[in-house]
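Below is one structure, written out as structure tokens; comments come after it.
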Amino acid sequence: MAFIAHIDAGKTTVTERILYYTGRTYKVGEVHEGTAVMDWMDQEKERGITITAAATTASWKGHRINIIDTPGHVDFTAEVERSLRVLDGGVVVFDAVAGVEAQSETVWRQANRYRVPRICFINKMDRIGANFERTISMIEERLKAKPLPIQIPFGSEESFRGVIDLIEERAWSYDGKLESLPREESIPEAVKVKVDERRHALIEKLAEFDDEILEAYLEGRNFTVAELKAAVRRVTLANKVVPILCGSALRNKGMQQLLDAIVNYLPSPLDVPPVKAVNIRGNEEDIPASDNIPFAALAFKVVSDPFVGRLVYFRVYSGKIEAGAQVYNSTTQKRERIGRLLLMHANRREEVEEADTGAIVATLGLKNTFTGHTLCDPSHPILLESIKFPEPVISVSIEPRTTVDQDKMGSALQKLTEEDPTFKVEYNSETGQTVISGMGELHLEVIINRLLSEFRVGAKVGKPKVAYKETITVPAQAEGKFVRQTGGHGQYGHVCIELEPGEKGSGLKFVNSIRGNAIPKQYVPAIEEGIKEAMATGVVANYPVVDIKATLYDGSYHEVDSSEIAFKMAGSMALKKGVAKAKPVILQPIMKIEVVTPEQFLGDIVADLNARRAHIVSIETYIDTTTVHAHIPLAESFGYTTSLRSQTQGRATHSMEFHEYQELPADQVAQLTNKAGY
């Protein structure tokens with residue numbers, strides 16, 4: 001399971017407490033002191049945030065729990081994406097004061113996509129302004145979820161003592177000391193009515209989603225604790241409701257109950273549906289979670305460890321694997337040998353002889369295995385669904401300071417691209433620059449800092465650039481003819497294509513609708529390849545072309561002179577002509593921004609956002625804080641952090657994430673093309 005949440009909700013603090021109470025660590029690390037076990041990178045310690053998903057294993061009441069602590073910052077969304085792909089359950093952590101924040105929505109959507117059952121932990125109940133009820137209503141409204149509170153807070157804000165369990169009707173209080181155990185208290189008379197009401201509401205909600213409880217409810221039977229727990233487990237695993245717990249991780253309150261809930265309500269590998277795979281014949285088959293069937297695993301993370309070398313993390317879906325065994329990488333169709341098997345505890349390693357179903361382990365020795373690759377038994381090749389990652393939206397140029405740095409930079413960038421699928425490196429032959437791209441300013445800043453400190457590469461960094469794209473707005477037809485006559489065989493390729501605007505995010509959709517034998521079948525892949533290559537540079541300002549449907553409907557060939565290269569060139573020429581005719585436009589990335597500020601600074605913030613061409617979506621006020629939701633062009637968002645701090649004396653916070661690509665206004669296109677010299 002994973003801890004997922006918005007930045008600063010307290011995921012790492014919760015994880016540190018859980019490692020302590022399960023006996024995995026003997027001293028609790030604190031994020032604010034830079035001693036958290038799970039935040040082991042220098043960058044994480046300095047910034048007090050999680051950057052890379054760290055894995056560990058703990059035991060509680062006879063159950064083994066594989067835990068991943070994920071980043072909350074949207075720039076590191078790939079870490080959450082890959083973690084959710086290989087997990088069975090999640091704990092979503094919310095800040096009781098802030099409630100549901102921008103990144104909470106993003107991680108919730110990611111968990112929905114992978115159908116991950118989850119429980120919610122409302123953290124920081126001891127802070128001034130903590131509001132349990134408001135956070136629950138925000139979960140319902142903003143996340144469209146069905147919250148099921150199985151606990152209510154015992155006291156609130158500075159008088160928060162512990163939690164009241166609605167299922168067992170028991171009150172637990174804590175003195176805040178790390179080593180102290182929870183004490184059971186009798187529920188005060190003043191609270192008893194509320195507990196009875198809440199328990200009745202819990203049973204009614206269970207009856208709504210669970211037939212067994214409904215039947216007993218209609219008969220007017222009393223429920224046992226075991227029956228209620230079994231029902232909560234059933235509806236949680238079916239993703240019908242989300243159990244809600246509360247506590248304060250920093251004050252060590254509610255942690256043991258959270259561990260009980262993880263074991264009671266989140267799925268084991270046996271509770272989730274069998275993972276789908278494609279076998280060698282191209283048919284889909286189910287892979288049940290069992291040690292007694294052939295080995296199948298998904299590599300979800302690659303790390304360059306300075307001490308042991310290249311580590312590949314993988315999740316075992318079926319079978320067992322021993323150190324030194326030979327496996328088949330069905331993605332690359334190559335055999336690989338597993339080196340040492342390591343059970344990871346953040347950056348510390350524990351060597352094991354074998355890994356069984358459900359295990360998350362790392363291994364050494366896999367040279368050609370990358371994120372999203374399937375590892376399986378050579379006698380039973382299958383392919384598991386890979387992991388999809390968002391495209392980078394921001395780029396900077398980077399140059400080595402000396403010739404010695406040049407070689408070091410090449411190998412360091414290669415290692416970093418292997419580790420992070422949302423980090424891309426391209427060499428621009430026109431300018432002679434190396435361009436690196438990522439998900440945001442912080443993402444690139446962290447990578448550049450790692451280059452300088454971890455890999456010791458001397459480098460100069462350019463200004464951030466926006467990843468603009470081009471697309472077409474109307475259908476158009478075009479032909480491309482590539483004819484070269486030389487001594488001996490010439491070259492001849494002739495294609496006619498029709499271009500149409502495609503759906504957002506569809507890339508290229510190529511359709512071959514040639515009737516008869518106008519172009520032989522063997523040349524069609526070359527035409528598609530030519531079109532694909534030509535899309536790398538557009539016609540307005542040389543940005544990549546996206547979201548088009550290209551239909552090949554006619555053409556001609558020569559018995560002797562036609563070749564794949566000729567048709568590739570013809571396809572490329574046809575695309576360039578077609579795009580120029582189809583009223584091309586430039587698309588700009590738009591970011592979704594959320595600013596939380598004391599009310600006195602609202603006017604300045606809105607004025608600044610308007611000056612940055614932002615579109616204000618909504619403004620919400622809660623007690624003394626105001627939240628502004630807006631859409632802002634990425635080009636206008638550079639340096640916003642510094643600007644916001646100076647406007648609000650450092651009292652406002654913001655988070656930003658990619659929203660969509662939109663057409664760039666005409667005046668901006670003129671500025672952009674003039675600047676680039678087109």
Side-chain angles (χ1 to χ4, degrees), residues 1-2 66 68 78 80-90 109-118 234 236-240 266-302 312-321 325-336 338 355-361 363 366 368-390 421 502-503 505-512 521 524-525 528 549:
M1 43 77 59
N66 292 309
I68 296 186
V80 184
E81 191 79 35
R82 59 165 137 221
S83 301
L84 286 169
R85 170 66 182 81
V86 297
L87 291 166
D88 299 322
R109 279 198 305 272
Q110 288 172 309
N112 281 345
R113 194 159 60 244
Y114 292 114
R115 296 195 53 74
V116 174
R118 62 215 90 142
R234 283 194 298 273
T236 306
L237 297 188
N239 262 318
K240 289 176 180 172
L266 286 182
S268 86
L270 297 170
D271 296 317
V272 290
V275 66
K276 301 272 183 221
V278 175
N279 61 27
I280 201 162
R281 292 181 296 282
N283 301 329
E284 200 173 84
E285 68 172 79
D286 287 344
I287 306 295
S290 166
D291 286 346
N292 305 319
I293 62 172
F295 168 72
L298 185 78
F300 67 95
K301 187 174 164 76
V302 177
V312 176
Y313 285 68
F314 61 88
R315 150 83 194 256
V316 183
Y317 281 102
S318 69
K320 292 182 177 181
I321 190 72
Q326 197 174 62
V327 292
Y328 181 67
N329 181 332
S330 52
T331 312
T332 59
Q333 299 183 352
K334 287 181 180 167
R335 286 179 182 244
E336 296 241 47
I338 297 274
D356 53 7
T357 301
I360 288 180
V361 289
T363 184
L366 300 180
N368 300 306
T369 299
F370 299 94
T371 301
H373 285 192
T374 302
L375 298 171
C376 57
D377 190 312
S379 65
H380 187 75
I382 55 156
L383 194 61
L384 297 166
E385 185 193 346
S386 189
I387 312 171
K388 292 185 178 70
F389 294 103
E503 288 176 19
S506 62
L508 166 68
K509 190 178 176 193
F510 178 77
V511 180
N512 175 17
K521 279 198 177 106
V524 173
E528 185 180 356
K549 180 184 174 188

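Model, not experiment: these values are computed from the prediction.
A pairwise comparison of heavy atoms in Asn368 and Lys334 identifies ND2-CD, 4.0 Å as the closest pair. When every heavy atom of Cys376 is checked against every heavy atom of Pro381, the shortest pair comes out as SG-CA, 3.7 Å. The two residues Ala297 and Leu384 have their closest heavy-atom pair at O-CD1, 3.6 Å. Of all heavy-atom pairs between Ile382 and Ala296, the closest is CD1-CB, 3.6 Å. Taking both residues in full, the closest heavy atoms of Ile287 and Ser318 are given as CG2-OG, 3.4 Å, listed atom of the first, atom of the second, then distance.
Rounding to the nearest 0.5 Å gives a distance of 11.0 Å between CZ of Phe300 and CG of Leu84.
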For side chain to side chain contact (heavy atoms under 4.5 Å, CB included), just list the numbers for Arg118 and Asn239, CA-CA rounded to whole Å, side-chain angles, deciding distance to a tenth of an Å, and then say yes or no.
CA-CA 8 Å; Arg118 62 215 90 142; Asn239 262 318; 3.8 Å; yes
I would like to know whether Asn66 and Asp88 meet side chain to side chain contact (heavy atoms under 4.5 Å, CB included); could you show each step before the answer?
CA-CA 10 Å; Asn66 292 309; Asp88 299 322; over 6 Å; no
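A search for side-chain hydrogen bond (donor to acceptor under 3.5 Å, both in side chains) contacts involving Ser330 returns nothing, not counting sequence neighbours. Applying the ring-ring contact (aromatic ring centres under 6.0 Å, His included) criterion to Tyr328, with sequence neighbours excluded, gives no partner residue. Applying the side-chain hydrogen bond (donor to acceptor under 3.5 Å, both in side chains) test to Asn512 and every residue at least two apart in sequence or in another chain returns nothing. The side-chain hydrogen bond (donor to acceptor under 3.5 Å, both in side chains) test applied to Thr331 returns no partner, not counting sequence neighbours. The side-chain hydrogen bond (donor to acceptor under 3.5 Å, both in side chains) check on Glu285 picks up Asn279, His380, with sequence neighbours excluded.
For the pair Arg315 and Tyr317, the cation sits on the ring face: its NZ or CZ lies under 6.0 Å from the ring centre, inside 45° of the axis.
The closest side-chain heavy-atom distance from Val302 to Leu366 is not below 4.5 Å. Side-chain contact between Ile293 and Thr357 is absent, with no heavy atoms from C-beta onward closer than 4.5 Å. Contact check for Ile321 versus Phe314: side-chain heavy atoms found under the 4.5 Å cut-off. Using a 4.5 Å cut-off on side-chain heavy atoms (C-beta onward), Gln333 and Leu383 make no contact. Counting only heavy atoms from C-beta outward, the side chains of Phe510 and Val524 approach each other to under 4.5 Å.
The backbone N or O of Glu81 lies less than 3.5 Å from no partner atom in the side chain of Arg113, so there is not a single donor-acceptor pair.
The salt bridge (charged side-chain N to carboxylate O under 4.0 Å, His left out) pairs that include a residue from residues 269-279 are Arg233-Asp271, Lys276-Asp286, where partners are two or more places apart or lie in different chains.
Remark: Glu503 does not engage Lys509 in a salt bridge, criterion side-chain N to carboxylate O under 4.0 Å.
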